[in-house]
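Numbering of ligands and ligand atoms starts at 1, following listing order.
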Amino acid sequence: MRSLLFVPGDSPRKQQKALESGADALILDLEDSVALDAKPEAREITRAFLEEARARPRRPRLIVRINALTTGLIEADLDAIMPGAPDAIMLPKAEGGIDVSHLAAKIAVREAECDLPDGTTIIPIATETGKGIFGLGTYAGATHRLSALTWGAEDLSTDLGAETNRLETGAYTDPYRLARSLALFAAAAAQVDAIDTVFTAFRDAEGFRAECLAARRDGFAGKMAIHPDQVAPINEIFSPSPQALARAEAIIALFDANPGVGVIGLDGEMLDRPHLIRALRLKARAVKLAE
Ligand code: COA
Ligand code: MG
């Protein structure tokens, strides 16, 4: 998944638009973009949309962001949406492996009740609280359902009591840069994809592009979007470019042609095992995207 587009769970209009957006996945939101009074209605709208969207031939992956574990809302969230068979559940304000295994148990019960296969995955937003930062090392091995991990800067700044999370230049301040890096390490430790957080200034196309490029550079596999205009740049930037693919293929061919060789030179650069692994991963990603 390169692009994951947030859509408020109580807006059938935006849900329909989102289906045409080209996003690899939709995140149907029952949490912060839905007012408390609108939650019951949002659950019903979202479940109806899941049923409709699932029937489409080339559909995006369908993720539902439920409310946080501590809100007392999640039993009703899961009861309403699991019969719609979402592909994944996004857990906001997740604080570690215990939270995702707790959610995994709740999902397993609903899968059994709804006669669904054991396959609904979990994507935690893992840096939305100070406590969550200290739980980042505990996701690895917590549940087989973990399919990706993402981070958040907006709720974290609320938890910290910060005035802002960005400098005037648009760059994140130190606490959020740290959270971003730790999210990358947590995803690598758990061997799942890291997904970059949202960019809320949705009219700032240039700032958005720069943030996508920085995310790809650092190892994120994709990025969450809040507006349909953000989808095309994400898909473009997080797809391997023809040049990158050609380079990866050259590296793979070179190692294939020199079996048993650990280190080798190409265009004046030393290549060894990590370079080969990176090339193989990029090639695998390109093949998968072409399917
Ligand atoms: N998904 C699907 N469609 C969307 C959309 C989204 N996330 N955001 C905007 N659109 C639609 C609008 O409905 C509008 O279509 P319409 O004219 O046919 O009604 C069109 O795209 C253009 O929208 P625009 O006028 O540029 O933006 P807006 O002012 O209507 O909406 C937001 C701005 C931020 C309210 C909106 O983008 C949004 O709801 N984003 C998602 C918020 C969210 O889920 N947040 C939680 C995670 S942080
Ligand atoms: Mg939030």
The option among Lys14, Gln15, His227 carrying the non-hydrogen atom nearest to atom 38 (C) of ligand 1 is Lys14

Honestly, for Arg13 the part within reach of ligand 1 (heavy atoms, under 4.0 Å) is side chain

Arg43 with Glu75: basic N within carboxylate O range, under 4.0 Å: no

Ligand 1 to Phe202, heavy atom cutoff 4.0 Å, flagged ligand atoms 33 (C), 34 (C)

query = Between Lys39 and Asp77, is there a salt bridge with N-O shorter than 4.0 Å?
reply = no

Quiz item: Does the N or O separation between Phe6 and ligand 1 drop below 3.5 Å for any pair?
Solution: yes

Next on the checklist: For Asp218, is there an ion pair with Arg180 - N to carboxylate O distance below 4.0 angstrom?
Outcome noted: yes

So for Glu154 against ligand 1, with non-hydrogen atoms under 4.0 Å, the contacting part is neither

Filtering Arg65, Glu31, Gln230 for the heavy atom nearest atom 46 (C) of ligand 1 leaves Arg65

Is it true that Lys93 and Asp32 make a salt bridge, defined as a side-chain N closer than 4.0 Å to a carboxylate O?
yes

- Task: Applying side-chain hydrogen bond (donor to acceptor under 3.5 Å, both in side chains), run through Arg166 and Tyr172 and close with a yes or a no.
- Result: CA-CA 4 Å; Arg166 296 204 189 244; Tyr172 277 116; 3.1 Å; yes

Query raised in the report: Hey, is Glu111 close enough to Lys106 for a salt bridge, meaning N to O under 4.0 Å?
Result: no

Short version for Arg203: what comes under 4.0 Å of ligand 1, heavy atoms counted, is side chain

- Whether Asp32 lies under 4.0 Å from ligand 1, heavy atom: no

Counting from 1 in the order shown, the ligand 1 atoms closer than 4.0 Å to a non-hydrogen atom of Asp29 are 46 (C)

(Q) Salt bridge check, Lys131 against Asp159: does any charged N sit closer than 4.0 Å to a carboxylate O? (A) no

The answer for which part of Leu5 has a heavy atom under 4.0 Å from ligand 1 is side chain

| Ion pair Arg209/Glu236, N-O distance below 4.0 Å | yes

For Ser33, the ligand 1 atoms with a heavy-atom partner under 4.0 Å come out as 43 (C), 44 (O), 45 (N), 46 (C)

